[in-house]
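Residue indices begin at 1 and follow the sequence shown. Scope of the values below: all heavy atoms of this structure, side chains included, with no hydrogens, waters or symmetry mates.
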Amino acid sequence: MFKYIRLSLTVFCLSCSVVQAQNVNIPVYLDEDKPIEERVKDALSKMTLEEKVAMCHAQSKFSSPGVPRLGIPENWMTDGPHGIRQEVAWDEWVGAGWTNDSCTAFPALTCLAATWNPQIARLYGKNLAEEARYRNKNVLLGPGVNIYRTPLNGRNFEYMGEDPYLASRMVVPYIQGVQQNGVAACVKHFALNNQEIDRDHVNVEVDDRALHEIYLPAFKAAVQEGKVWALMGAYNQYKNEHCCHNQYLLKEILKGQWGFDGVVVSDWGGVHDTKQAIENGLDMEFGSWTNGLNWGASNAYDNYYMAMPYLKGLREGKYSVSELDDKVRRILRLVFRTTMSRNRPYGSFASPEHAKVGQIISEEGMVLLQNKGGLLPVKSNVKRILVVGENAIKRLTIGGGSSSLKVKKEVSPLEGIRLRAGKNIKVDFVQGYESPMQKEQDLKGAKEPVKKEIDAVALRREAVEAAKDADLVLFIGGLNKNEYQDCEGVDRESLSLPYEQDALISALAQVNKNVAVIIISGNAVAMPWVDEVPAILEAWYSGSSAGNALASILFGDTNPSGKLPFTFPVRLADNSAHALGEYPGDHTKVTYKEGIFVGYRWHDKQKLKPLFCFGHGLSYTSFQYGKISMDKKEMTADETITVKVRVKNTGSREGKEIVQLYIKDKKSSLPRPEKELKGFEKVSLLTGEEKEVTFTIDKQALSFYDDRKQAWVAEEGDFEVLIGASASDIKDKAVFNFK
């Protein structure tokens with residue numbers, strides 16, 4: 001399996017302080033055409049106990065050792081799901097000061113989910129992985145698929161919404177796009193990491209139905225359909241065990257029931273016990289001593305739970321070598337799939353092509369929430385636009401925690417609007433509101449900025465005065481990546497917009513009837529002014545090309561086609577986690593009392609009208625739905641039913657519509673939602689064009705998890721097919737019988 005090349009190297013001897021010449025045999029793997037499992041077996045047989053243990057833990061903030069003696073390279077991880085993080089110092093949580101690590105920022109995963117387009121998800125993964133490959137990273141720490149349980153979760157912007165089916169269908173092509181570049185996707189955070197408050201220790205109590213129906217499906221799809229090569233554990237606890245070494249989640253479900261053959265990676269600092277880490281399914285430990293060498297040890301990484309304590313226990317017979325070998329096999333499998341793959345393509349970094357792809361994704365994901373009177377797109381008679389709001393100029397690719405990025409270029413909304421408006425439209429800007437300055441993330445020696453008094457009244461007065469003479473006011477606000485907004489480590493404190501934006505929007509609407517509100521966020525926000533303004537657009541965190549994408553939507557160059565991946569409640573109490581009083585818990589545990597009734601499922605159950613429903617999104621054109629047709633009215637467990645519906649573009653311009661299929665169980669032995677998403681398709685239609693959309697319903701689409709039987713079941717009886725443009729806009733229904 002090996003060919004050895006003999007080299008003469010000049011080395012400096014630390015013990016004798018002299019320069020020595022040494023002959024070294026460098027092994028080079030041949031037989032790349034042999035199956036990976038044979039190569040793994042061969043490499044494992046040549047490794048020492050010390051080399052095996054070393055591969056199971058970090059050697060720096062974002063790398064783990066290889067086996068130089070055998071020519072096996074190191075593993076290099078990188079954040080994150082939206083772009084390749086700047087190079088981090090070997091042993092500190094600060095940037096390394098490189099000048100060539102400025103990346104492309106792709107839109108946040110909430111924006112990707114809002115495209116409802118699996119082809120776009122694959123394109124996203126492919127282009128993101130090209131940047132990781134160029135930087136020689138072999139593990140991308142993403143995507144995130146934790147379910148949107150509460151709109152206060154500071155990390156929701158990194159995830160794919162409230163519905164397990166939508167998240168499942170979007171995560172699989174993302175993973176495939178990443179891994180075709182010889183970079184491992186690392187789906188995270190497994191599991192039940194649905195809040196940042198007390199995230200490092202809170203014990204989540206959830207019933208088995210909710211676990212299997214809501215919180216696990218996207219992970220299962222990532223493993224069984226996406227064939228993901230790595231998975232990251234969560235910080236929180238479940239069944240009173242930390243998820244990074246949780247026997248039930250990692251051994252019984254992930255590696256047992258699902259047959260996962262990849263690597264389980266700890267979240268940084270998520271390991272708490274050597275014995276549990278070894279015996280409960282963890283393979284690689286990262287970040288446990290986040291101060292690194294500052295602790296004073298000669299090599300702090302040797303003191304990780306799965307480092308010297310593991311080696312000592314092996315030598316004493318406390319732990320089995322076969323268990324260690326299983327971990328190392330998985331790590332070697334990762335190496336052979338990525339860094340040591342002959343077919344691994346070359347990457348590219350921060351290219352104009354990647355920026356363009358980011359713009360396409362953003363344009364497909366922006367959601368037109370409201371457009372009374374057709375205020376948007378910008379009309380030809382508009383000669384003066386006033387842009388109001390800090391988010392029009394604020395850098396939104398930095399901050400927010402581990403997904404913070406150092407970007408080569410970020411086109412701001414104001415820049416994009418001015419570029420598109422050209423010389424014929426005057427574009428003025430007033431800030432209108434201001435957020436407090438924060439210490440710059442990842443900068444060594446960064447100091448807390450001097451606090452200053454913000455005069456919100458004066459800022460608002462200036463904006464209102466300027467708005468009186470504008471043909472169109474574009475308010476660009478929402479959330480940002482500051483603490484207690486969309487930010488890792490902390491949750492939001494309110495559903496409301498921060499920095500007195502609500503008062504500003506109402507004041508603008510009082511002096512100008514043509515106000516379009518553009519919200520930049522990764523979360524739902526309250527809108528007490530919703531009836532005061534004609535147009536509202538959810539623009540998400542859209543990355544490097546944010547301004548160009550926004551301008552394209554506002555001016556009508558691109559027809560908006562995104563739809564919401566989560567519900568916007570009218571008030572916080574309309575969200576099930578808050579309605580039932582179990583968020584954020586008592587600092588030791590949190591109980592998911594709502595069970596399976598998350599998001600639109602809860603709104604349906606309680607007959608609550610949302611502010612904007614799951615799956616909602618408007619267009620600059622209009623669509624007409626035909627009647628449902630089915631190939632049969634009865635099906636058995638081994639059969640399927642084909643559902644068809646015709647959709648026609650009845651408007652004046654080309655557009656894309658997302659046709660959504662929901663299933664309702666008419667009678668069930670256990671409570672079930674009023675309806676559940678079980679299919680969708682994004683269809684592009686020219687003016688006047690009509691297309692037929694086809695869905696296939698199988699037994700799986702009818703099944704629920706019966707916690708009494710600990711199994712998925714589909715009960716006999718009548719089911720209803722619902723075809724809609726959103727969860728609240730059902731166009732037609734049809735009934736069939738399952739027997």
Side-chain angles (χ1 to χ4, degrees), residues 359 362-363 366-396 410-434 458-478 480 497 499-521 527 529-530 532-542 545-560 562 618-620 653:
Q359 181 177 338
S362 180
E363 290 170 0
M366 288 187 184
V367 182
L368 184 61
L369 298 174
Q370 183 168 290
N371 196 26
K372 295 176 182 177
L375 181 66
L376 295 176
V378 177
K379 302 298 182 288
S380 59
N381 62 351
V382 170
K383 300 303 178 187
R384 184 190 169 208
I385 294 175
L386 176 68
V387 176
V388 180
E390 183 184 69
N391 275 2
I393 58 171
K394 187 177 178 66
R395 293 177 63 200
L396 293 170
E410 180 177 355
V411 181
S412 72
L414 180 61
E415 185 180 354
I417 290 166
R418 281 180 167 161
L419 183 65
R420 175 59 181 80
K423 298 179 179 179
N424 295 327
I425 301 176
K426 184 181 181 184
V427 179
D428 294 322
F429 170 74
V430 290
Q431 187 160 317
Y433 75 91
E434 186 176 350
L459 288 168
R460 183 161 62 244
R461 188 184 302 120
E462 179 190 18
V464 170
E465 192 62 32
K468 292 177 181 178
D469 300 323
D471 297 326
L472 175 66
V473 177
L474 299 176
F475 174 82
I476 303 178
N480 58 32
L497 289 174
Y499 321 126
E500 300 191 29
Q501 292 178 75
D502 289 333
L504 173 58
I505 293 169
S506 291
L508 292 170
Q510 287 177 13
V511 300
N512 194 311
K513 67 181 188 304
N514 297 322
V515 177
V517 175
I518 295 95
I519 298 295
I520 297 175
S521 73
M527 299 182 186
W529 35 263
V530 64
E532 302 171 25
V533 300
I536 306 170
L537 178 73
E538 173 58 65
W540 314 111
Y541 298 111
S542 291
S545 301
N548 292 334
L550 178 60
S552 181
I553 295 291
L554 292 176
F555 284 84
D557 302 328
T558 300
N559 195 346
L618 303 178
S619 172
Y620 294 151
R653 58 174 296 166

Asn381 atom CG: more than 12 heavy-atom contacts under 6.0 Å: yes
Arg395 atom CZ, over 12 foreign heavy atoms within 6.0 Å: no
Salt bridge (charged side-chain N to carboxylate O under 4.0 Å, His left out) involving Glu500 - partner list, sequence neighbours excluded: Arg460
Taking all non-hydrogen atoms of both residues, which atom of [X] and which atom of [Y] are closest, and how far apart?
X	Y	answer
Leu396	Tyr541	CB-CD2, 4.1 Å
Gly478	Asn391	N-ND2, 3.8 Å
Ala470	Asn512	O-ND2, 2.9 Å
Met366	Ala546	CE-O, 4.3 Å
Val533	Ala509	CG1-CB, 4.1 Å
Gly416	Val411	N-CG1, 3.9 Å

Are [X] and [Y] close enough that some pair of their side-chain heavy atoms sits under 4.5 Å apart?
X	Y	value
Ser552	Glu363	yes
Pro413	Leu474	no
Leu618	Leu369	no
Ile505	Glu532	no
Ile417	Leu554	yes
Leu504	Tyr499	no
Tyr620	Leu376	yes
Phe429	Leu386	no

Quick one: pull up [atom1] in [X] and [atom2] in [Y] and give me the separation to the nearest 0.5 Å.
X	Y	atom1	atom2	result
Asn548	Ile553	CG	CD1	12.0 Å
Ile425	Lys423	CD1	NZ	14.0 Å
Leu375	Lys513	CG	NZ	9.5 Å
Lys394	Gln431	NZ	CD	9.0 Å
Phe555	Leu550	CZ	CG	9.5 Å
Asn514	Leu472	CG	CG	6.5 Å

All pairs passing side-chain hydrogen bond (donor to acceptor under 3.5 Å, both in side chains) where residues 368-380 contributes a residue, at least two apart: none
Sequence neighbours excluded, every pair satisfying side-chain hydrogen bond (donor to acceptor under 3.5 Å, both in side chains) that has a member inside residues 461-476: Glu465-Lys468
Geometric class of the Tyr433/Phe475 ring pair [parallel <30°, tilted 30-60°, perpendicular >60°]: tilted
Side-chain donor/acceptor of Ser542 to backbone N/O of Ala539, under 3.5 Å: yes
Expected output: side-chain Arg418 to main-chain Lys426 donor-acceptor under 3.5 Å: no
Worked check of side chain to side chain contact (heavy atoms under 4.5 Å, CB included) between Val427 and Leu414: CA-CA 9 Å; Val427 179; Leu414 180 61; 4.1 Å; yes
Glu538 and Ser521 side chains, donor-acceptor separation under 3.5 Å: yes
Verdict with supporting geometry, Trp529 and Leu497, side chain to side chain contact (heavy atoms under 4.5 Å, CB included): CA-CA 11 Å; Trp529 35 263; Leu497 289 174; 3.9 Å; yes
Worked verdict on Gln510 versus Val464 for side chain to side chain contact (heavy atoms under 4.5 Å, CB included): CA-CA 9 Å; Gln510 287 177 13; Val464 170; over 6 Å; no
